[in-house]
Amino acid sequence: MSYEQPSQEDIKQLLQKSTNIAVVGLSDDPTRVSYMVAEAMQKKGYRIIPVNPKAERILRETCYSTLQDVPEPIDIVNVFRRSEYCADIARDAVEVKAKAIWLQQGIVNEEAARIASEDGLDVVMDLCIKVLDSILLPHGKATS
């Protein structure tokens, strides 16, 4: 099975129905892309859940060491890790019953896509969630 990117309409619907975004690899450094993207998504009204074992709090939110430690439902697992880690992250996303896994721009892993999609998760790869959210939901989720 070869990975096929969801349509823009499918991505729009995913973003509209999502609230909680667990960001795996979220840096506590405000100059890093992961921080800037997560901060922008937080300002748009998404609940950001940092997953970083080396930090206690990021963006005023409690950090968790693993997805399994997150005590609330996860809509999207947004990944800022190198592609070789993504298959394991996809397994974790399946285990916690996330609804989707989103590999940020520049990150592609066919095995991760297969693992997640076989268990019914939506899969987006090699796209920036902030950019797509800005394009597809420019006025926010409620008014789109």
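Note that the structure is a prediction, hence the values are computed from the model and not measured.
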Chemist: Does any part of the side chain of Trp102, heavy atoms only, come nearer than 4.5 Å to the side chain of Leu15, both counted from C-beta?
Modeler: yes
Chemist: Is a side-chain N or O of Asp88 found less than 3.5 angstrom from the main chain of Tyr85, in a donor-acceptor match?
Modeler: no
Chemist: When rounded to the nearest 0.5 angstrom, what distance separates CD in Glu9 from CG in Leu14?
Modeler: 11.5 Å
Chemist: Would you say Val108 and Ser83 make side-chain contact, with heavy atoms under 4.5 Å?
Modeler: no
Chemist: Indicate yes or no: at least one non-hydrogen side-chain atom of Ile48 is less than 4.5 angstrom from one of Leu26.
Modeler: yes
Chemist: Check step by step if salt bridge (Lys or Arg N to Asp or Glu O under 4.0 Å) holds for Arg91 and Glu111.
Modeler: CA-CA 10 Å; Arg91 287 183 194 93; Glu111 182 184 6; 3.0 Å; yes
Chemist: Locate the shortest heavy-atom distance separating Ala90 from Ala112; write the atom from each residue and the value.
Modeler: CB-O, 3.5 Å
Chemist: Honestly curious: do Leu136 and Leu127 fall in one hydrophobic cluster under the side-chain, below-4.5 Å linking rule?
Modeler: yes
Chemist: Any side-chain heavy atom of Ile49 within less than 4.5 Å of one from Ile21?
Modeler: no
Chemist: Is a side-chain donor-acceptor pair under 3.5 Å present for Asn52 with Tyr64?
Modeler: no
Chemist: Answer whether the closest heavy-atom distance between the side chains of Leu137 and Lys12 falls below 4.5 Å.
Modeler: yes
Chemist: Looking at CG of Asp119 and CZ of Arg114, how far apart are the two atoms once the value is rounded to the nearest 0.5 Å?
Modeler: 10.0 Å
Chemist: I would like to know whether Ile107 and Met125 meet side chain to side chain contact (heavy atoms under 4.5 Å, CB included); could you show each step before the answer?
Modeler: CA-CA 6 Å; Ile107 305 171; Met125 291 197 295; over 6 Å; no
Chemist: Count the heavy atoms of every other residue, nucleotide or ligand shown that sit under 6.0 Å from CD of Gln8, and state whether that count exceeds 12.
Modeler: no
Chemist: Could you tell me whether Asp122 and Lys99 have a side-chain N and a carboxylate O separated by less than 4.0 Å?
Modeler: no
Chemist: So which atom in Asn20 and which in Pro73 form the shortest heavy-atom distance, rounded to 0.1 Å?
Modeler: ND2-O, 2.8 Å
Chemist: Determine whether the side chains of Gln42 and Arg47 contain a donor N or O and an acceptor N or O closer than 3.5 Å.
Modeler: no
Chemist: Pro50 and Thr62: which non-hydrogen atoms are nearest, and at how many Å?
Modeler: CD-O, 3.4 Å
Chemist: Taking everything shown except Glu56 itself, do over 12 heavy atoms lie less than 6.0 Å from its CD?
Modeler: no
Chemist: Are Val96 and Ile101 in one and the same hydrophobic cluster, where Ile, Leu, Val, Met, Phe, Trp and Tyr link if side-chain heavy atoms are under 4.5 Å apart?
Modeler: yes
Chemist: Mark yes when over 12 heavy atoms from residues, nucleotides or ligands other than Glu4 sit less than 6.0 Å from its CD; otherwise mark no.
Modeler: no
Chemist: Identify the heavy atoms of Leu67 and Ile89 that sit nearest to each other, and give their distance.
Modeler: CD1-O, 4.1 Å
Chemist: To the nearest 0.5 Å, what is the distance between OG on Ser27 and CD1 on Ile58?
Modeler: 6.5 Å
Chemist: How about Asp29 and Thr31: does a side-chain donor come under 3.5 Å of a side-chain acceptor?
Modeler: yes
Chemist: Check the hydrophobic clustering (I, L, V, M, F, W, Y; side-chain heavy atoms under 4.5 Å; chains of links allowed) and say if Ile11 and Ile76 are grouped together.
Modeler: yes
Chemist: Using the rule that Ile, Leu, Val, Met, Phe, Trp and Tyr join whenever any side-chain heavy atoms are under 4.5 Å apart, tell me whether Val79 and Tyr3 fall into a single cluster.
Modeler: yes
Chemist: Restricting to non-hydrogen atoms, name the atom on Val51 and the atom on Ala22 that form the minimum distance, rounded to 0.1 Å.
Modeler: CG2-CB, 4.2 Å
Chemist: Say whether Val77 and Leu121 are linked into one hydrophobic cluster, either directly or through other cluster members, by side-chain heavy-atom distances under 4.5 angstrom.
Modeler: no
Chemist: Show your working on side chain to side chain contact (heavy atoms under 4.5 Å, CB included) between Val94 and Ile115 and close with a plain yes or no.
Modeler: CA-CA 8 Å; Val94 166; Ile115 291 165; 4.3 Å; yes
Chemist: Looking at CG of Asn109 and CG of Asp126, how far apart are the two atoms once the value is rounded to the nearest 0.5 Å?
Modeler: 12.0 Å
Chemist: Is it true that a side-chain atom of Glu39 and a backbone atom of Leu59 form a donor plus acceptor pair closer than 3.5 Å?
Modeler: no
Chemist: Using the rule given for side-chain hydrogen bond (donor to acceptor under 3.5 Å, both in side chains), can you reason through Arg32 versus Tyr35, listing the C-alpha separation, both sets of side-chain angles and the distance that settles it, and then say yes or no?
Modeler: CA-CA 5 Å; Arg32 300 291 303 257; Tyr35 186 99; over 6 Å; no
Chemist: Does some side-chain heavy atom of Ser117 sit less than 4.5 Å from a side-chain heavy atom of Val123?
Modeler: yes
Chemist: Would you say the side chain of Tyr46 lies within less than 4.5 Å of the side chain of Asp75, judging by non-hydrogen atoms?
Modeler: no
Chemist: How many angstroms lie between atom CG of Asn78 and atom OG of Ser18, to the nearest 0.5 angstrom?
Modeler: 11.0 Å
Chemist: For Cys63 and Ala55, work out which heavy atoms get closest and say how close.
Modeler: CB-O, 3.2 Å
Chemist: Could you tell me whether the side chain of Val33 reaches within less than 4.5 Å of the side chain of Phe80, counting heavy atoms only?
Modeler: yes
Chemist: Could you tell me the separation between the NZ atom of Lys44 and the OG atom of Ser134, rounded to the nearest 0.5 Å?
Modeler: 5.0 Å
